[in-house]
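The block underneath contains the structure these notes are about, expressed in structure tokens.
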Amino acid sequence: MNSPVYLDHAATTPVDPRVAAAMAGCLTADGVFGNPASSAHAHGEAAFERVEAARAAVAAAVGAEPDEVVFTSGATEADNLAIFGATAHSQPRGRHVITARTEHKAVLDPCRELERRGWQVTYLTPDGHGRVEPDRLAAALRADTVLVSLMHVNNEIGTVQDVAAFAAVCERHRGVRLHVDAAQSIGKTEFDFHACGADLVSLSAHKSYGPKGVGALLVSRRSGVRIEPRQFGGGQERGLRSGTVATHQVVGMAAAFTLVVAERPAEGVRLAALRERLWLGLEAHGGAVRNGAPEGTVPAILNVSFDGVEGESLLAAVAPRISVSTGSACTSASGDPSYVLRALGRDDRLAEASLRFGLGRSTSLDDVEAAIEAVGRALARLRRIGGACATAR
Amino acid sequence: MNSPVYLDHAATTPVDPRVAAAMAGCLTADGVFGNPASSAHAHGEAAFERVEAARAAVAAAVGAEPDEVVFTSGATEADNLAIFGATAHSQPRGRHVITARTEHKAVLDPCRELERRGWQVTYLTPDGHGRVEPDRLAAALRADTVLVSLMHVNNEIGTVQDVAAFAAVCERHRGVRLHVDAAQSIGKTEFDFHACGADLVSLSAHKSYGPKGVGALLVSRRSGVRIEPRQFGGGQERGLRSGTVATHQVVGMAAAFTLVVAERPAEGVRLAALRERLWLGLEAHGGAVRNGAPEGTVPAILNVSFDGVEGESLLAAVAPRISVSTGSACTSASGDPSYVLRALGRDDRLAEASLRFGLGRSTSLDDVEAAIEAVGRALARLRRIGGACATAR
Amino acid sequence: MRYSALTRRYFEAAPCAGTLEGPGILSGAAGSRSLGTWVRFDLRVAGAANRPAVIVEARFLAFGCPHTIAVAAWVAEQAAGHPVSAELPQPVDALRRSFDVPVEKLGRLLVVEDAWRAAAARK
Amino acid sequence: MRYSALTRRYFEAAPCAGTLEGPGILSGAAGSRSLGTWVRFDLRVAGAANRPAVIVEARFLAFGCPHTIAVAAWVAEQAAGHPVSAELPQPVDALRRSFDVPVEKLGRLLVVEDAWRAAAARK
Ligand SMILES: Cc1ncc(COP(=O)(O)O)c(C=O)c1O
Ligand SMILES: Cc1ncc(COP(=O)(O)O)c(C=O)c1O
């Protein structure tokens, strides 16, 4: 059997060969392998310079200053650092946080943990397309609100939110801090740290053709936001995140971000066309419901619910031909229907019987046609086995 | 100028080319690049299998079971997870922790943070060779002690401690939990998780020819130790450490550990001989004091203090010829005299004027001779400039 | 989700999927689509006097996860030649083991069993 | 530690390291080895009547960090030809900038200045 067509780029992307080459240059004895903290000698200095060049490149790619970049092991760590780090600092001023029901678990689970510690958390329900209306945010703000955490691009349906509007609301509300999970943004849509007005932004490399296991938290200097560190030790990253900085990882992140940002305009147009072809093809199979407004979502993500089939079987039936998922990689193992789609008002059956197509660099028109055909066959077969024609539709 | 001889393997090691090759196979589109959490499809499954094979290999290398391995972003994270995770859980039983003054900052700084939160911490002073006597530990245990954190191999002087003796003391004391930082152990000396009797053990890949940015916390199943997670999200690593597992990183760690453990017996003998040659050569320059008992330290580390010279100048003078450091990479930037050597009773001047030679795979007899000569020249020059012959010696 | 080879095979081939028509067909269903699992069996039986009725042919429909579909398909396939009985060709627990069904999905196998019993009870 | 090119050059070459012997040498020291920084200057001076004494030759000894050694060496090198004076050839602040000395090391430059003054005061 041929290996299936990869259409799960929102879960993770292959590392760009140019990125892999840059990483390889920071590993072995003939490369820059020193410890960037070993400032006493040339091996350490060389690594330090690579790390700082990477920091500058990441900053440039996202419209930040180099000293606003705190490298982490990924967006999960960045989300945790932002949420616990910002709330630890502002605890005296209040113990209320606002987020949305459609956030990634790396935001929701820290919020749940805050609740266990006695904090109050408001979970906003977005509109049917996954957008939190700024007015709703404004209405939820309280005198004791210290942090708002709302994502930029949703990982399941690709909805792009108006972060600048959130920032304006927070700004008016005596400067409550805004954290934005932008793990899915870089290379998928435009993102500019300073322009968006957020205080804290989480990034991940592996959604943008960089390596897994590295990300960053952007910490706004202009806004003067303060966070408490969570990982203590050697004092790396200006004391905000101790632990040896992995040169090859941050170099990979920098190379990947630089490439995807440069290539995004053209790639966005290409993927948007492929996505619309994919949607038309899927729609023709009948009983398909598109999740997320076409104009308000990134071109790289298409999320569709299918009537008359059970979700797990749909996924299993298409798996030999295409690699897709029902939702985020983190929740697809649990088999629960997507909490994101349920938050948008889909019933359990439709939420469960949904596929997230994550288009990416390698995606060709052939891949899209193969996906349309594979889903069509699976639907026909499962609907027949399920007696859907006779009973359900 | 030729690049200096690398003698700082205790700060970090170059990645073994075989390890780098294994990592490269988990990055690009032609490799195993899927998200190991994407269980719905073949791309994810293949990554999952690599991760589990890596887990099994790491476990085998350190005498643990695969399900005792929790992958982290390094030993710093593992130390933090162990200390905060174990104390969070046992808080009701007491708020006292025991550690030693010679631990790595990744242990000491979390302990300081515990103190800020109202915990009490006893910092044991080791003997002149850096060993904590089990009797001292026994004497320090209190009714409210919940955790002991003592390292296996000291990163500055290479002292190997008797972890099994610590474990026996803890066991007798109604099972107070023992955490061991073994970041410097694997490949440098024998280490067996089950044999040593510790509840929690921190590991790092980049001290053993693996990549930076990956490590593990071993969590004993047999002892039933419980820890609270610190990073919340997708629920990876059985909920103990959320965040996408970086396939290439854990695969690199596994490959590296497998190699160093296999090669250790022969390599240990080779390095021990080189280290003794190095010591004899340095001693002949006069005014050299060896830190750590030769029989009680790993062959890969030699730490020597030099009389009659100032530390920073000594380091700067040898830097063009050899890459060494004064202590851990994490503290060498600060310019403070090593707190480890001060804890062993060295005065500030001697503690400051010390060099840690980290021998490793690439180290040849020529490197050792070059080091002896470079240090000799530096000492002679600095002692002359400092007027040491006339006044100090 | 990882599926055993047996599960995958019966999920993919789904032998005996469909319905039977005509007089004397025993039909029974259980579960509910809106709760995620629904199964129906149709059995064609033949019986001489003084001899217990024997299943000649069986068909199934299933809306559910791959385990549900695979097990229902296997049951329908095995049924032919067996006497009509409330017992499945293999007890639920044995099926769970053969098809490597996670414990938390036990409820779904009980839907298969219920559907089978409902059909057999029509006799 | 990163050192500027000038610091590295004077640290490595350390011109004028040593002592001077003989009559009329002005010597002064400051600091303490046990505190980490100690500096000594020896000056050979020549002076005709009615003219201020001029430094003919200077030597230094320094126990200290590379910045301390580099600055002391530079001062000793510059001194020749200058009249004996309590002032360094360049003020401490200018030296700090030329040699890119971190602020937290300012105290060490003051030891260099003190040693120089002690020597010049012998006049
Ligand atoms: C929106 C979002 N946030 C956070 C994460 C977690 O990022 P990481 O895998 O780098 O920990 C992901 C993806 O996994 C994501 O899609
Ligand atoms: C003893 C010890 N513990 C912890 C660490 C930190 O490990 P890592 O660099 O993987 O965070 C190190 C080295 O840096 C170490 O030597």
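Just so we're on the same page: letters track the sequence lines, and every chain starts at 1. All values below were derived from every heavy atom in this structure, side-chain atoms included, with hydrogens, water molecules and symmetry-related copies excluded.
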Of all of [options], which one pairs up most often with chain A through heavy atoms under 4.5 Å apart?
| options | answer |
| --- | --- |
| B:N80, B:D79, B:T247 | B:N80 |
| B:V32, B:D30, B:L27, B:L81 | B:L27 |
| B:V214, B:I83, B:V324 | B:V324 |
| B:R230, B:M23, B:H206 | B:R230 |
| B:G213, B:A46, B:G243 | B:G243 |

Report which part of [X] has an atom under 4.5 Å of a heavy atom belonging to chain B: side chain, backbone, both, or neither.
| X | value |
| --- | --- |
| A:P36 | side chain |
| A:T28 | both |
| A:T13 | backbone |
| A:D109 | both |
| A:V245 | backbone |
| A:Q231 | both |

Taking only Lys NZ, Arg NE, NH1 and NH2, and the carboxylate oxygens of Asp or Glu, determine whether B:R241 and B:E77 approach each other closer than 4.0 Å.
yes
Please state whether the side chain, the backbone, both or neither of B:S242 comes within less than 4.5 Å of a heavy atom of chain A.
both
Is a side-chain donor or acceptor of [X] paired with a backbone partner of [Y] at a separation under 3.5 angstrom?
| X | Y | answer |
| --- | --- | --- |
| B:R356 | B:N155 | yes |
| A:Q184 | A:A10 | yes |
| B:E310 | B:S313 | yes |

Audit row: A:T12, A:K212, side-chain hydrogen bond (donor to acceptor under 3.5 Å, both in side chains) steps and yes/no:
CA-CA 8 Å; A:T12 196; A:K212 297 173 186 52; 3.1 Å; yes
Cationic tip of B:R112 within the cone over A:F232's six-membered ring, i.e. under 6.0 Å and within 45° of the normal?
no
Based on non-hydrogen pairs under 4.5 Å, which of A:G34, A:A24, A:A75, A:A20 is most in contact with chain B?
A:G34
Look at A:A29, A:G31, A:C26 and state which one has the largest set of heavy-atom pairs under 4.5 Å with chain B.
A:A29
Could you tell me how the ring of A:Y209 sits relative to the ring of A:H9: parallel (under 30°), tilted (30 to 60°) or perpendicular (over 60°)?
tilted
Do the ring planes of B:H43 and B:F33 sit parallel (below 30°), tilted (30 to 60°) or perpendicular (above 60°)?
tilted
Would you check if A:E113 and A:W119 make a side-chain contact, meaning some heavy-atom pair closer than 4.5 Å?
no
